[in-house]
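Contents: one structure, followed by commentary.
Order of appearance sets the numbers: ligands from 1, and atoms from 1 within every ligand. The first residue in the sequence is number 1, and the count goes up from there.
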Amino acid sequence: MGKIRLQKFIANCGVTSRRKAEDLIVNGKVKVNGVIITELGTKINSTKDIVTVNNDIIMENNNFIYIKLYKPEGYITTVKDQFARKTVIDLISINERIYPIGRLDYNTSGLLLLTNDGDFANKLMHPKFHINKTYEAEVKGLIKKETIEKLKTGVTIDGYKTAPAMVKVIGNSHNKSNVQIIIHEGKNRQVRKMFNAVGHNVISLKRTAFGKINLDNLLPGKWEYLSNDEINSFG
Ligand code: URA
């Protein structure tokens with residue numbers, strides 16, 4: 001094996017994304033053969049050099065894992081919770097260390113992707129890739145056509161105007177509406193805040209698709225490995 005940039009090596013080891021690996025390097029958390037390296041351009045020999053992050057030896061990971069989970073409500077999207085609440089990782093019975101790509105609120109259900117491939121995660125999270133996320137929201141009240149138009153063109157949340165979205169009503173009953181909304185941004189609690197901004201509280205929220213990947217026949221709480229087609233669907 002030839003030489004490889006230190007930040008790429010750290011990402012390949014599944015520690016974190018390449019960008020966050022750069023922060024670790026600059027902050028003096030990374031040693032190569034016992035010497036702290038803070039220079040970002042540094043190249044290492046991935047088969048000979050011993051690299052540590054926070055004093056733990058890391059090894060290259062040629063076994064990347066890509067998982068889709070149907071997150072139920074009542075699980076927190078993190079690896080560990082300081083309040084000992086159930087986390088999405090509790091639902092996945094594998095030995096390898098993986099982490100969620102982005103997050104769903106505690107009370108949101110639906111499709112969540114997880115991996116140990118830092119670059120893949122970074123790519124899917126980066127706003128410039130404009131990956132569509134599809135949600136189904138059950139909201140209070142019967143939603144009007146004009147309101148749908150407002151959501152489509154963008155509403156102001158936290159002083160920020162949301163980008164154009166695809167929005168359609170998929171059902172109405174007893175003073176509630178079911179709405180499908182497709183956004184490519186990922187601001188904190190974005191869908192809930194968008195509906196609040198037009199006067200409709202969200203009763204329940206489910207993500208049904210991330211890019212071209214959808215829940216298929218997964219049941220709540222269940223997970224499966226992504227197919228190669230799904231992994232490659234992000235181009
Ligand atoms: N928007 C929200 O409001 N919550 C989520 O969990 C995801 C998108």
Side-chain angles (χ1 to χ4, degrees), residues 67-83 85-92 98-115 120-141 143 147-171 176-216 218-223 226 234:
I67 280 176
K68 67 176 172 185
L69 168 73
Y70 187 154
K71 176 193 174 299
E73 289 178 13
Y75 281 78
I76 186 153
T77 307
T78 184
V79 175
K80 257 200 187 127
D81 181 47
Q82 54 173 329
F83 304 114
R85 286 174 294 184
K86 291 176 289 186
T87 80
V88 290
I89 301 293
D90 295 336
L91 294 165
I92 299 171
I98 50 169
Y99 48 89
I101 304 178
R103 57 185 292 278
L104 291 176
D105 299 335
Y106 186 72
N107 283 329
T108 299
S109 65
L111 181 63
L112 184 70
L113 303 182
L114 302 101
T115 187
F120 182 78
N122 221 18
K123 178 169 163 188
L124 268 50
M125 294 293 296
H126 203 292
K128 83 171 180 207
F129 286 101
H130 282 202
I131 294 173
N132 282 337
K133 275 85 90 179
T134 307
Y135 295 89
E136 285 178 16
E138 185 184 34
V139 303
K140 282 196 185 151
I143 199 157
T147 310
I148 294 290
E149 288 311 311
K150 276 192 203 159
L151 289 165
K152 277 186 182 172
T153 47
V155 293
T156 302
I157 55 170
D158 302 333
Y160 160 88
K161 184 162 186 237
T162 58
M166 286 177 264
V167 189
K168 66 177 182 196
V169 176
I170 51 179
K176 289 182 201 161
S177 310
N178 288 305
V179 184
Q180 183 193 68
I181 177 162
I182 305 179
I183 58 172
H184 60 73
E185 298 165 298
K187 306 276 176 209
N188 185 31
R189 298 176 73 81
Q190 177 160 343
V191 174
R192 292 173 197 274
K193 286 179 183 170
M194 286 174 75
F195 279 104
N196 280 344
V198 292
H200 290 271
N201 281 339
V202 170
I203 302 164
S204 67
L205 183 63
K206 171 168 142 185
R207 182 156 70 192
T208 57
F210 191 110
K212 294 186 183 129
I213 301 179
N214 54 51
L215 283 170
D216 292 325
L218 267 187
L219 295 171
K222 299 291 178 200
W223 62 275
L226 294 187
F234 297 100

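For Ile157 against Ala197, the heavy-atom pair with the smallest separation is CG2-CB, 4.2 Å.
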Could you list the donor-acceptor pairs under 3.5 angstrom formed by side chains in residues 106-115, with sequence neighbours left out?
unit_1	atom_1	unit_2	atom_2	d
Thr108	OG1	Arg192	NH2	2.7
Thr115	OG1	Ile65	O	2.7
Thr115	OG1	Asp117	N	2.9

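Ring orientation note: the planes of Phe210 and Phe234 are nearly perpendicular, at an angle over 60° on the 30°/60° scale.
Within ligand 1, the atoms closer than 4.0 Å to a non-hydrogen atom of Thr108 are 4 (N), 5 (C), 6 (O), numbered from 1 in the order shown. Within ligand 1, counting atoms from 1 as listed, the ones closer than 4.0 Å to a heavy atom of Tyr135 are 7 (C), 8 (C).
Side-chain contact between Val79 and Thr87: absent, with no pair of heavy atoms (C-beta onward) separated by less than 4.5 Å. Taking 4.5 Å as the limit, some side-chain heavy atom of Arg103 sits within range of a side-chain heavy atom of Asp105.
The option from Leu112, Ile181, Asp105 that lies nearest to atom 5 (C) of ligand 1, judged by heavy atoms, is Asp105.
At least one N/O-N/O distance between Arg192 and ligand 1 falls below 3.5 Å. Close N/O approach between Leu104 and ligand 1 is not found [any backbone or side-chain N/O within under 3.5 Å]. Below 3.5 Å of separation, one finds no N or O of Arg103 facing any N or O of ligand 1.
If you look at Val202 next to ligand 1, there are no close heavy atoms at all, none under 4.0 Å.
Val191 N, 3.1 Å is the protein heavy atom nearest to atom 1 (N) of ligand 1.
Cation-pi geometry between Lys86 and Tyr75 is met: under 6.0 angstrom from the ring centre, within 45 degrees of the axis.
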